[in-house]
**Student:** 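To start, I am sharing the structure in question, which I have written as structure tokens.
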Amino acid sequence: MQSPRPQIRFEPSGRTVDASAPFSLLEIARKAGIRIAADCGGAGRCGKCRVRPVPETAATPPTAAEETLLGPALLAAGYRLACQTEPLASMSVAVVEAQVQTAFDDEVLQVLPPADPPAVSVTDLPAPAPGRPPAPSLWEEITRAASAAGGPRLGPPPPALWAELFTPNRAGRRAVWSDDRLLGLAAAGRPVLGLAVDLGTTKVAAALMDLASGRCLSRATAINPQVNYGADIMTRMAAALADETDRDALRRTAAGAVQALAEDLCRAASCPSSVAGPPLCPGRDIFAAVIAGNSAMHHLLLGLPVDELGRSPYRPVLRTALDLPAEAAGLDLAAGAQVFFPPIIAGFVGADHTAALAATGLMHSQGAALGIDIGTNTEISLAKDGRLWCCSAASGPAFEGARITDGMRAGPGAVFKVHIRSEALLLDVVGGGPAAGLCGSGLFSAVATLRRHGFLDQMGRFSRTAPFIDGQNVLLAPAGRTAHGRDLILSRRDIGELQLAKAAIRTGIDLLLAEAEIRPRQIGTVVMAGAFGTAVSPQDILDLGLLPAIAPAKIRQVGNASLAGAIRALLCLEERRNMDALAGAARYLELAGHPGFAQGFALATGLCP
């Protein structure tokens, strides 16, 4: 009897395909129309086609190419190259693709604060002056140089720095310090780098910054490989609670994703290691980092218990800002590098939203201002007259393309807008080629367009016939016009997923407005953050009722505000203090169990303004 073919589930799209040995995971993905970056064409030379198969035992052992391109740390964290890995049994595969960029496209990321006082300072160590008596100790020589540059009196150096500090070979070195803490010595001519990270449930975004100039050197995004443990936060926390091995794996996986991005960014910026001897991680030029994540990602990365966070009243272990050695976050950076974690506002209004609020200046808006960061977990804030109300909506991953029949994240081949002309569907596709799937903005556009033309009723049911409607499915593109050779469809279930996600967000908005006693017409600005919040059409948002009835001109789409806030905190100490003040001022509204939630949610599932 022939054994069944392995089933390969690719995340975050959730698409499952049959595998036929001896094909590699890259070849299987290509046949399914799932894009995995492979600059070398799958020859095992570029190291870009990173994936994370679970369980690891369901794949062939690592090849020599993987050992060279990934190294022991990433292999130990479960990373593989899709072009080198063949399935032996059914598995789940997280596509960990980094897309490196050299400039910001998002409006909010172009606005960086003046770094005064800077979060990290760099001071040249002077050569001993002829005839001048040397300092009583090597350490006092360094502290005098910092004081002469206007810095504070430095505290004792951490043991991790002793080996590089107290050696005679310090000529031309520069002291790197933050507040009253020495972070290390930088070699002459070497950049002093900082890393800003938005650690999201579905995606991880990072920017590499030159701390001396405040200039962004490179930027990248990658899928959070924790998707192998579930597309949503609650599923991952359940895994962490059920099994200590899974909890440790979730921590290592998150740290590995950040580390991999740090290395990719350093390579993209041409920053090799500054440490003599055997080749080391390119991240050794990174002296400071800021990681802004939601509460669950924050706890899982740091190995904090998630017991209280996963059940009502959904309390974090701690809310305060943290400034920790890089190794405490599982990162291999400069020996004395520190990682700053912004404060958490509440159980599911995390440090990422604190960073976004700081970046967008929501508290300083005229009149009432609404801030919405849409993701798997959507944070919503309402500010007026120096007061701040916040809540969290469990919107799920539909707006990021997950749990949708032909869903995918926004990338080449993704449908991002749908038009109807003479009862025929026209698709706008990222990159302009054949369609491979439907990203969040495309899903929203498809439903809004069908609704406007009368093909869907208020409850998301088909109300008219058309050549492209077949039973409970909309045929967006036939097999002959798609990237994968299969029909591209929008199902009635997909429309239901959108309704649930949209209803969760709208109910949170309505309850916040009621709590603050603010009417929709008083809203002067709506700041939409996140990839979906930036890409979706404001008119579609209003037509389907995601927002209350306001003028489209009041909607401001700002991109990754969480990453922007992390950059600001990386460059400026005052921004860190501002984040503390924001978190302390916020009033949190818990939606779960709220007496008005069930009725509001039921009403908000309707597809109407």
Side-chain angles (χ1 to χ4, degrees), residues 201-202 231-235 312 314 348-349 353 370-382 389-405 407 438-452 456-463 472 490-515 520 523 526 528-533 535-550 555 589-609:
T201 306
T202 303
D232 60 90
I233 291 170
M234 300 305 290
T235 304
S312 183
Y314 309 106
F348 285 107
V349 181
H353 195 58
L370 195 61
I372 309 170
D373 192 351
I374 296 179
T376 307
N377 184 67
T378 296
E379 297 93 0
I380 308 167
S381 285
L382 179 63
W389 297 264
C390 301
C391 72
S392 168
S395 45
F399 291 154
E400 293 173 333
R403 292 183 183 167
I404 302 301
T405 305
L438 201 63
C439 67
S441 59
L443 170 68
F444 217 84
S445 173
V447 174
T449 301
L450 291 168
R451 179 82 177 104
R452 276 194 292 267
L456 290 177
D457 66 15
Q458 181 174 317
M459 297 312 298
R461 297 170 298 216
F462 294 114
S463 54
Q472 293 297 299
L490 172 72
S491 71
R492 177 65 187 85
R493 184 186 64 82
D494 298 335
I495 297 169
E497 289 284 345
L498 178 145
Q499 289 177 271
L500 295 176
K502 170 254 175 181
I505 297 170
R506 177 57 189 269
T507 306
I509 294 171
D510 290 345
L511 293 179
L512 273 190
L513 290 169
E515 179 75 12
I523 298 173
V526 177
M528 301 280 293
F532 171 81
V536 70
S537 158
Q539 193 59 57
D540 289 347
I541 288 173
L542 294 170
D543 285 351
L544 294 188
L546 179 68
L547 292 176
I550 60 171
I555 300 174
L589 179 66
E590 177 58 67
L591 297 185
H594 190 286
F597 181 80
Q599 182 180 7
F601 186 90
L603 291 172
T605 57
L607 300 175
C608 58

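Here, residue 1 is the first one in the sequence, and each next residue gets the next number.
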**Student:** Measure across A398 and L443 and return the closest heavy-atom pair with its distance rounded to 0.1 Å.
**Tutor:**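 Between these two residues, the closest heavy atoms are O-CD2, 3.9 Å.
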**Student:** Can you run down the side chain to side chain donor-acceptor pair (under 3.5 Å) pairs that involve residues 593-609, sequence neighbours left out, and say none if there aren't any?
**Tutor:**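 Not a single pair qualifies under side chain to side chain donor-acceptor pair (under 3.5 Å).
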**Student:** Who passes side chain to side chain contact (heavy atoms under 4.5 Å, CB included) against A446, sequence neighbours left out?
**Tutor:**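 Testing A446 for side chain to side chain contact (heavy atoms under 4.5 Å, CB included), a comparison that skips the adjacent residues, returns V418, L490.
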**Student:** Got a donor-acceptor contact below 3.5 angstrom from the S445 side chain to the S441 backbone?
**Tutor:**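 No, the answer is negative, given that no donor and acceptor are paired below the 3.5 Å cut-off.
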**Student:** Kindly give the heavy-atom pair with the smallest separation between G460 and I495, and that separation in Å.
**Tutor:**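 Taking G460 first and I495 second, the nearest heavy atoms are O-CG2, 4.0 Å.
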**Student:** What's the shortest heavy-atom distance between M528 and I374, and which atoms?
**Tutor:**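 So the two residues come closest at CE-CD1, 3.7 Å.
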**Student:** Using the test side-chain hydrogen bond (donor to acceptor under 3.5 Å, both in side chains), find all partners of S392 that sit at least two apart in sequence or belong to another chain.
**Tutor:**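 Per chain and number, S392 pairs via side-chain hydrogen bond (donor to acceptor under 3.5 Å, both in side chains) with N377.
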**Student:** Strictly distance-based, threshold 3.5 Å: is any side-chain N or O of E379 a donor or acceptor partner for the main-chain N or O of C390?
**Tutor:**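 No, the answer is negative, given that no donor and acceptor are paired below the 3.5 Å cut-off.
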**Student:** Taking all atoms of both residues into account, what is the closest heavy-atom pair of D373 and H353, and its distance?
**Tutor:**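 D373 and H353 have their closest heavy atoms at CB-ND1, 4.2 Å.
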**Student:** Out of curiosity, L498 CG to L607 CG, how far, rounded to the nearest 0.5 Å?
**Tutor:**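 So the CG of L498 and the CG of L607 are separated by 6.5 Å.
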**Student:** List the residues meeting side chain to side chain contact (heavy atoms under 4.5 Å, CB included) with S491, not counting sequence neighbours, and say none if there are none.
**Tutor:**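 Side chain to side chain contact (heavy atoms under 4.5 Å, CB included) list for S491, sorted by chain: T405, N473, R493, D494.
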**Student:** Got a second to check how far I372's CD1 is from L512's CG, nearest 0.5 Å?
**Tutor:**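 If I round to the nearest 0.5 Å, the distance is 9.5 Å.
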**Student:** What class does the angle between the rings of F399 and F532 fall in, given that below 30° is parallel, 30 to 60° is tilted and above 60° is perpendicular?
**Tutor:**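 Ring orientation of F399 relative to F532: parallel.
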**Student:** Grab the two heavy atoms, one from I404 and one from E497, that are nearest each other, plus how far apart they are.
**Tutor:**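 Scanning both residues completely, I find the closest heavy atoms to be CD1-CB, 4.0 Å.
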**Student:** List in chain and number order the residues that pass ring-ring contact (aromatic ring centres under 6.0 Å, His included) with F597, two or more places apart in sequence or in another chain; answer none if no residue qualifies.
**Tutor:**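 F597 satisfies ring-ring contact (aromatic ring centres under 6.0 Å, His included) with F601 once adjacent residues are dropped.
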**Student:** Under 3.5 Å, side-chain donor or acceptor atoms of residues 536-550 against the rest of the protein: list the pairs with distances, not counting sequence neighbours.
**Tutor:**
residue: S537; atom: OG; partner: Q539; partner atom: N; Å: 3.2
residue: S537; atom: OG; partner: D540; partner atom: N; Å: 3.3
residue: Q539; atom: NE2; partner: D543; partner atom: OD1; Å: 3.0
residue: D540; atom: OD1; partner: R452; partner atom: NH1; Å: 3.0
residue: D540; atom: OD1; partner: R452; partner atom: NH2; Å: 2.9
residue: D543; atom: OD2; partner: R452; partner atom: NH1; Å: 2.6

**Student:** Kindly give the heavy-atom pair with the smallest separation between Y314 and M234, and that separation in Å.
**Tutor:**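 Taking every non-hydrogen atom into account, CE2-CE, 4.5 Å.
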**Student:** Nearest 0.5 Å, please: how far is CE in M459 from SG in C608?
**Tutor:**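 It is 9.0 Å, given to the nearest 0.5 Å.
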**Student:** Just how far is it from atom CG of D510 to atom CD1 of I505, taken to the nearest 0.5 Å?
**Tutor:**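 Spacing of CG (D510) from CD1 (I505) equals 12.0 Å.
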**Student:** Between R506 and G600, is there a donor-acceptor pair closer than 3.5 Å when you use the side chain of the first and the backbone of the second?
**Tutor:**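 No, because the side chain of R506 does not come within donor-acceptor range (under 3.5 Å) of the backbone of G600.
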